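Treat the numbers as computed from the prediction; the structure is a model and nothing was measured. We count ligands from 1, going down the list as the structure has it; atoms in each ligand are counted the same way.
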Amino acid sequence: MKNMNIAIDGPAGAGKSTVAKMVADQLSYVYIDTGAMYRAVTYEALKQNVDVNDGLNLIHLLHQLKIDLMNQEGKQIIQVNGVNITEEIRSKAVTNQVSYVAKHLEIREEMVKRQQELAEGGGTVMDGRDIGTAVLPFAELKIFLTASVDERAKRRHEELLSKGHPSDLNILKNEIRKRDQIDSEREVAPLKKATDAIEIDSTKMTIPEVVEIILSLARERKDMMK
Ligand code: CDP
Ligand code: CDP
């Protein structure tokens, strides 16, 4: 029996990557962080002075980038043309520009193609904004993970603090709101719940609670596929 694909979409800071990684580990599936792919092209654009509003030059740049997502000793690593840029793609500059890069049709078409190839054999947990709607419309399980913007900003704030980067909670909240707005209002594949996705509001939930719900839904789906 072919392993299934699990799509997890939702706004920034909802806990997608954290729970997707844990669900993938539990099922021995591959975790695919599609946000990291958009961040990688944004990082390269900023480095090479390519305007984030210039779709044609961005796609020209993307065609020159081999993006590899890997798991090294339990850690997610991203390489571009063989160079490890795992830390660099989380910078403030990349975070605040990535949604402009992700608006372009050409960029999205190329990314969707690469992501579909990665999921071809099944056995993936993929997180992003358009996985259930555009990348894997036939995914066996689709989750739409949300949390209030206050909770999401608080989580990011604490995460940054734990890494030694204190931040201003209100500025963070405004940046998250802005990114959600651009992601939800763009013309191409905006962030939205697929009609057949199951919504989980994690505002008052712990990480293990969210993981357990997704794992039990995955077990149900697996039984149905038998
Ligand atoms: O982890 P965080 O919520 O900060 O964001 P991410 O998953 O790393 O995604 C960064 C940005 O990439 C998002 O704000 C979107 O603009 C874009 N993105 C997208 O458009 N489609 C995806 N499938 C994944 C990310
Ligand atoms: O990928 P996404 O932007 O949706 O969120 P994330 O990077 O997985 O999660 C943001 C932060 O929230 C991480 O530090 C998680 O540990 C934390 N988190 C949490 O505190 N409670 C949850 N139920 C889920 C995530």
For Gly13, the atoms of ligand 2 under 4.0 Å from one of its heavy atoms are 2 (P), 3 (O), 4 (O), 5 (O)
Those atoms of ligand 1 less than 4.0 Å from some heavy atom in Asp183: 13 (C), 14 (O), 15 (C), 16 (O)
For ligand 1, which atoms, with element, lie under 4.0 Å from some heavy atom of Ala102? 16 (O), 17 (C), 20 (O)
Within reach of ligand 2, part of Val19 (heavy-atom separation under 4.0 Å): neither
Which of the numbered atoms in ligand 1 are below 4.0 angstrom from a heavy atom of Gly128? 22 (C), 23 (N), 24 (C)
Atoms in ligand 2 with a heavy atom of Thr18 nearer than 4.0 Å: 6 (P), 8 (O), 9 (O), 13 (C), 15 (C)
Do any heavy atoms of Arg152 fall under 4.0 Å from ligand 2? no
Indicate, as side chain, backbone, both or neither, the part of Arg39 found under 4.0 angstrom from ligand 1 when only non-hydrogen atoms are considered. side chain
Side chain, backbone, both or neither: the part of Met37 lying under 4.0 Å from ligand 1 by heavy atom: neither
the protein heavy atom lying closest to atom 23 (N) of ligand 2 turns out to be Met205 O, 3.0 Å
Are any of the side-chain nitrogens in Glu109 or Lys113 under 4.0 Å away from the carboxylate oxygens of its partner? no
For Asp130, take its heavy atoms, then give the atoms of ligand 1 lying under 4.0 Å from any of them. 21 (N), 22 (C), 23 (N)
Show me which atoms of ligand 1 lie under 4.0 Å from any heavy atom of Val98. 10 (C), 11 (C), 12 (O)
Are Ala14 and ligand 2 in contact, using a heavy-atom cut-off of under 4.0 Å? yes
Please list, in number order, the atoms of ligand 1 under 4.0 Å from a heavy atom of Lys16. 3 (O)
Which of the ligand 1 atoms, numbered from 1, are nearer than 4.0 Å to a heavy atom of Ala12: 3 (O)
